[in-house]
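Notes for the one structure printed next.
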Amino acid sequence: MPAEPPEPPADKPLATKTTKDCISIVWPGTTYDGGAPVIGYKVEMCEDGQNKWTILSKDVFSTGFAVKNVKEGKKYKFRVSCINTKGTSKPSKVSDAIAAVEAAGDEVDEEDEPDEKAFEPRKIAAKKGNIKEEYDIREELGKGKFGTVNKCVEKKTKKMLAAKFIKIEKEADRKEVDHEVRIMQLLQHPKLLQLYDLYSAGKNMCLVLEYVSGGELFDRVISDEFELTEKEVTFFMRQICEGVKFMHTQKVLHLDMKPENILCIRKNSNKIKIIDFGLAQIYKPGLSVSCGTPEFYAPEIVTYDPVAYTTDMWSVGVICYILLSGFSPFVGDDEGETLSNIQEGEWDFDDECFDEISDPAKDFIENLLTLEQDERLEASEALEHDWLKKEMKSAKALSKGRLKKYVIKKRWLKAFNAVRAMIRVKCVI
Ligand code: PIT
C-alpha cells in the first residue's frame, strides 16, 4: 500500500508549565503514521475567543514545544499536526485555553510513578491466547527493524505498558525472540526496560514491556525547553553506566548501545532506560560478532575479533562524545571510511566546540575511545571516574545547534530507509 499523510496526534496538546511569557505544551504521537514515519510536527496557536490560527513552527522535531513571548494573563489554544514524507495530517483536537501565568509544572503523564521500578520481578511464560483479551492496544510508539511498538493498557490492572509486535517469518526469528526474552529475564534493573508479559500465537509474537513516555534521549536534549550543560550530560552518562554495569554483572553484552536505544521515562524527566536487547549476547571468551550500528562499532567489531565487556563501553564513549559536541567522532563520507576511522582510532578533540568542555570530560572519553579493549574503562570504573563521581556544581549551557542537525539527519535517514525498504518490498511483490 502506498504511504499517505499521517493521522493527527492521538489527543489534544496539554500544558506542562506556564510562566507569564512562556507556555510549554506536549502532545501524544499519531494513531497511524500513514505507512511512513512521522518526522516532525506543525504547531499552531490561537488567542482564546478568536478564530485566527497562527503557525508557530512547521519543524518541531519532538512532541513538546515552548511557546515564548506570549502576553501575560492572556489565554491561548493550541493544535498540532503530524508530518511525514507524504504530507501533513489534519490538526489535532484543540487544547483547552491555557493562560500565560506563573505556575508550577504539572506532570502531564497519565501515570504517576515516582518509583523507578515499574513492577516487581516476574516470571514470564509465553501465553497462547490473543493479547487483545487482556490488553487494550493504543497508539503506535515506534517502529523499526525490530517490529512495531504500541502503547497498551492491561485491562485487569489498568497498567500502562508497551507491546512490541514481531512477525515470525521463519523459525530463526522465533529463536531470536526467545533469546531476547531469556536475556531480558536476566536484566531486572531500574535502568533497563523490563519485560512484563509474552504472547506467542502462530506467526505473531508480542513482548509486553514496561511503558516509558519520554521518547528518545536525544530528542529530549534538542527540544527547546531543555538546557544542555555538562552537568546534565554527567547525569545521563551515570545512568547509562549503571545500566551497562548491571548488564555486565549478569554477563550480558548489549552490543547495540546507541542514542536511539536510550529513552527518557517521562516527558519532563532526565531519568533514562536502556532498551532493545535484540542483539545482546551472553559473554563467552572468544565470542566475536558482526552486528550493531557502524557509527558505534568498537574496533574489535570492525575486525571481527573477540568482544569484551568494554566493547559496549566504546559505544558509550561515542554517545558521550556526540552529546557534548553534536559530532559523531568516526563518521566518514561512507561506511568504509567510518570503519577505517574506527580501526585506526582516528578521532580528536580538535573542533573548537571542545574548548568549552572540561578536562575531566575529555579524559573520560579518552579512556573509553581507546583501541586496546583492556585499557578501556569498564562500566564500574567509569562510574568511579572523577567526571561522574564528583557532582558538578554549575555548568554553562552548551550549544545544541550541531546536535540538532545530527538528530534531524538521523530522522531523515530513518524515514528514507523506511521508504526504500517499502519500495523494495513492492518490487518483490
Ligand atoms: C517506547 C516506549 C516503551 C517501549 C519502547 C518504546 C520499546 C522499544 C523497544 C524495545 C525492545 C526492542 C526494540 C524497541 O528490541 O515503553 O516508545 O526490546
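In listed order, ligands and their atoms are each counted from 1.
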Inset, instruction - Tell me, with the steps shown, if Trp314 and Phe330 meet ring pair (Phe, Tyr, Trp, His ring centres under 6.0 Å). - result: CA-CA 12 Å; Trp314 172 284; Phe330 299 102; 5.2 Å; yes
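Residues forming a side-chain hydrogen bond (donor to acceptor under 3.5 Å, both in side chains) with Asp178 (at least two apart in sequence, or on another chain): none.
Trp27 and Tyr41 have their aromatic ring centers within a separation under 6.0 angstrom.
Side chain to side chain, Thr370 and Glu372 fail the donor-acceptor criterion of an N or O pair below 3.5 Å.
For residues 298-327, the pairs satisfying salt bridge (charged side-chain N to carboxylate O under 4.0 Å, His left out) are Glu300-Arg376, with sequence neighbours left out. Listed by first then second residue, pairs satisfying side chain to side chain donor-acceptor pair (under 3.5 Å) with a partner in residues 318-328 read Glu295-Ser328, not counting sequence neighbours.
For ligand 1, the 4.0 Å heavy-atom shell takes in Leu141, Phe146, Val149, Ala162, Lys164, Glu180, Leu193, Leu209, Glu210, Tyr211, Val212, Leu263, Ile275, Asp276, ordered by chain and residue number.
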